[in-house]
Amino acid sequence: MNYRISRRAAALSPSLTLAIDAKAKQMKADGLDVVGFGAGEPDFDTPQHIKDAAAKALAAGFTKYTPSSGIPELRQAIAEKFKRENGLAYKSSQIIVSCGGKHSCCNVILATCQEGDEVIIPAPYWLSYPEMVKLASATPVILQTTDQTEFKVTPEQLRAAITPRTRLFILNSPSNPTGSVYTPQEVKALGDICVEKGVLIMSDEIYEHLLYDGAQHKSVASFSQAHHEQTIVVHGFAKAWSMTGWRLGFLAAPEPIAKAIDAIQSHSTSNPTSFAQKGAVAALTGPQEHLKNWLAEFDQRRRYAHQKLNAIPGISCCNAKGAFYLFPNIGGTGLKSTEFCSRLLEAEKVAAVPGIAFGADDYIRISYATSMSNIQKGLDRIENFCRSLAKG
Ligand SMILES: *Cc1c(COP(=O)(O)O)cnc(C)c1O
């Protein structure tokens with residue numbers, strides 16, 4: 001049998017973050033005392049009222065197909081969220097509910113990009129973006145940034161990267177993996193260039209609510225009608241409501257793009273899970289009290305980890321004002337990220353994600369979506385590891 005894999009699928013690399021997470025979980029299951037900094041999800045439970053709403057829908061038999069882009073009630077609640085929190089006016093028909101924010105991103109790229117198109121992606125990037133671009137047969141164009149600029153691309157860098165083939169610019173603020181947050185002025189400067197050059201923007205705002213040190217989030221779509229018309233905003237329930245396993249994301253797009261995405265979903269996934277959508281309605285329309293507590297907890301861990309990392313020989317870590325990640329520079333240890341992480345896991349049983357997965361080989365990603373005691377234990381072990389490296 002000739003198991004020829006399609007060019008499209010063969011071009012993809014599997015998700016390294018999911019792989020590391022799986023390896024750490026396996027080591028834990030084998031009885032080893034592993035500290036996992038690999039998590040890409042909050043360690044808090046989904047708020048009870050959200051679970052109750054989904055359970056009630058399930059019990060009431062809300063278990064059949066829904067419209068492929070989501071139930072009207074949820075699309076309406078999402079449109080209201082954009083109006084209320086971002087000052088963005090969308091009709092329900094411009095809102096698409098997908099099977100996770102990842103699915104939303106993928107469908108945006110599939111609906112707008114094709115062979116010959118270039119997609120500009122700032123690095124360090126969320127590792128799925130370039131793979132999704134390849135899936136669409138388009139070409140990722142990576143803009144390197146470092147901790148010297150808090151991992152932000154400059155307007156000059158963006159301008160210089162745009163060619164007649166540029167179709168889409170991907171902006172992710174607050175960022176996974178760096179936790180970096182663009183100021184409203186910085187967002188506007190990048191948006192202005194895209195508007196001037198006619199480049200679409202996919203703005204992944206899934207960490208919108210996870211901000212510290214007084215950082216502010218402003219959607220690039222909100223600066224003018226032109227920005228609004230040129231932007232697709234991607235969002236989801238995974239992070240701020242801790243609903244990763246529910247597989248629910250959403251997007252807001254200009255009507256023709258929303259229609260194309262609806263067509264893609266109608267022939268691939270059909271609707272996101274029916275009763276999960278009822279939970280999502282409760283997430284948007286119910287109390288948001290949980291977030292205050294989570295942010296206080298995340299912030300405490302973030303401060304501790306940031307300070308501790310900077311006290312470890314060979315490591316320096318710039319401040320990160322969003323999401324739940326730090327992205328320390330390990331260049332001073334003399335190791336590249338893959339060797340650093342595999343030796344760290346081997347020697348000290350600490351799982352972190354090598355920066356190379358995000359296009360930045362001198363860094364590792366530390367998720368502080370784990371308990372304070374785990375963070376203390378894990379960072380002590382990283383310190384041991386680095387001291388042993390320094391001794392040679
Ligand atoms: C977590 C995440 C998403 C979406 O995750 P889902 O679980 O698919 O909802 C999207 N973008 C970024 C940058 C993320 O970190």
Side-chain angles (χ1 to χ4, degrees), residues 40-86 88-108 111 204-210 219 232-253 255 257-295 369:
E41 58 187 353
D43 54 320
F44 307 113
D45 196 4
T46 307
Q48 190 60 41
H49 68 279
I50 300 174
K51 294 200 274 188
D52 289 345
K56 191 168 151 221
L58 182 58
F62 193 68
T63 56
K64 300 294 168 58
Y65 291 134
T66 77
S68 51
S69 295
I71 55 176
E73 188 188 357
L74 178 55
R75 292 170 84 184
Q76 187 58 40
I78 293 167
E80 281 160 20
K81 170 254 176 295
F82 279 118
K83 186 83 204 129
R84 184 176 66 240
E85 296 186 345
N86 309 99
L88 292 171
Y90 291 107
K91 289 184 265 176
S92 283
S93 55
Q94 295 179 270
I95 307 289
I96 308 277
V97 186
S98 315
C99 306
K102 188 179 272 183
H103 188 221
S104 297
C105 291
C106 195
N107 287 349
V108 168
D204 182 345
E205 305 183 8
I206 196 156
Y207 293 100
E208 168 189 27
H209 298 102
L210 305 184
S219 175
I232 303 118
V233 179
V234 173
H235 212 305
F237 295 96
K239 309 294 159 52
W241 294 273
S242 198
M243 293 168 67
T244 46
W246 293 59
R247 308 313 304 132
L248 281 176
F250 57 91
L251 63 91
E255 201 95 47
I257 295 176
K259 252 174 107 173
I261 293 173
D262 181 40
I264 293 173
Q265 292 195 178
S266 74
H267 290 298
S268 50
T269 49
S270 295
N271 61 278
T273 304
S274 56
F275 45 90
Q277 293 185 64
K278 291 285 193 178
V281 172
L284 285 178
T285 59
Q288 308 295 321
E289 254 77 282
H290 68 280
L291 199 57
K292 234 183 333 166
N293 302 330
W294 293 2
L295 283 172

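Values in this document were obtained by computation on a predicted structure and should not be read as measured data. Keep in mind that the numbers below use all heavy atoms, side chains included, and drop hydrogens, waters and symmetry copies.
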Open item on the list: Could you report the tightest heavy-atom contact between Ala283 and Trp241, atom names first, then the distance?
Closed with: O-NE1, 3.1 Å
Open item on the list: For the residue pair Glu85 / His209, report whether a side-chain donor-acceptor contact shorter than 3.5 Å exists.
Closed with: yes
Open item on the list: So does Ile206 get a backbone contact from the side chain of Asp204, meaning a donor-acceptor N/O pair under 3.5 Å?
Closed with: yes
Task: CG-CD1 distance between Leu74 and Ile95, expressed to the nearest 0.5 angstrom - done: 9.5 Å
- [ ] Evaluate the ring planes of His235 and Phe82, with Trp represented by its six-membered ring, and classify them as parallel (under 30°), tilted (30 to 60°) or perpendicular (over 60°).
- [x] perpendicular
Open item on the list: Between Lys278 and Glu73, does any NZ, NE, NH1 or NH2 come within less than 4.0 Å of an OD or OE carboxylate oxygen?
Closed with: yes
- [ ] Give a yes or no on whether a salt bridge exists between Arg75 and Glu80, defined as a side-chain N under 4.0 angstrom from a carboxylate O.
- [x] no
Task: Residues Gln265 and Ser98: side-chain donor-acceptor under 3.5 angstrom - done: yes
Task: Taking every non-hydrogen atom, the tightest pair across Leu88 and Ser219 - done: CD1-OG, 3.8 Å
Task: Donor-acceptor side-chain pairing of Ser92 and Gln76 below 3.5 angstrom - done: yes
Task: Heavy-atom closest pair, residues Phe44 and Ser242 - done: O-OG, 2.6 Å
Task: Rounded distance (nearest 0.5 Å) linking atom CD of Glu289 with atom CG of Leu291 - done: 10.0 Å
TODO: Kindly give the heavy-atom pair with the smallest separation between Pro42 and Ala238, and that separation in Å.
DONE: CD-O, 3.9 Å
Open item on the list: Can you see whether Tyr90 has Lys83 sitting over its ring - NZ or CZ less than 6.0 Å from the centre and within 45° of the normal?
Closed with: no
Task: Backbone N/O of Ser68 and side chain of Asn271: donor-acceptor pair under 3.5 Å - done: no
Task: Donor-acceptor pair, side chain of Ser274 and main chain of Phe62, under 3.5 angstrom - done: yes
Open item on the list: Let me confirm one number: the NE2-CD1 distance from His103 to Ile264, rounded to the nearest 0.5 Å.
Closed with: 8.5 Å
- [ ] Can you measure from CD1 (Ile232) to CD1 (Ile96) and round to the nearest 0.5 angstrom?
- [x] 11.5 Å
Open item on the list: Does any part of the side chain of Lys81, heavy atoms only, come nearer than 4.5 Å to the side chain of Thr285, both counted from C-beta?
Closed with: no
TODO: Might you point out which heavy atoms bring Pro272 and Val97 nearest each other, and give the distance in Å?
DONE: CG-O, 3.5 Å
Task: Residue pairs fulfilling salt bridge (Lys or Arg N to Asp or Glu O under 4.0 Å) with at least one residue in residues 258-267, sequence neighbours excluded - done: none
Task: Ion pair Lys91/Glu255, N-O distance below 4.0 Å - done: yes
Open item on the list: Can you tell me how the ring of Phe237 sits relative to the ring of Phe250, calling it parallel under 30°, perpendicular over 60° and tilted otherwise?
Closed with: tilted
Open item on the list: I need the minimum non-hydrogen distance between Thr46 and Lys51, along with the two atoms involved.
Closed with: O-CE, 3.5 Å
Task: Residue pairs passing the salt bridge (Lys or Arg N to Asp or Glu O under 4.0 Å) test where at least one lies in residues 240-251, sequence neighbours excluded - done: none
Open item on the list: Looking at Gln94 and Ala253, would you say the former's side chain and the latter's main chain have a donor-acceptor pair under 3.5 Å?
Closed with: yes
Open item on the list: If I take atom CG from residue Leu248 and atom CD from residue Gln277, how far apart are they, to the nearest 0.5 angstrom?
Closed with: 6.5 Å
Open item on the list: As an exercise, state the distance from CG of Leu251 to CD1 of Ile261, rounded to the nearest 0.5 Å.
Closed with: 4.5 Å
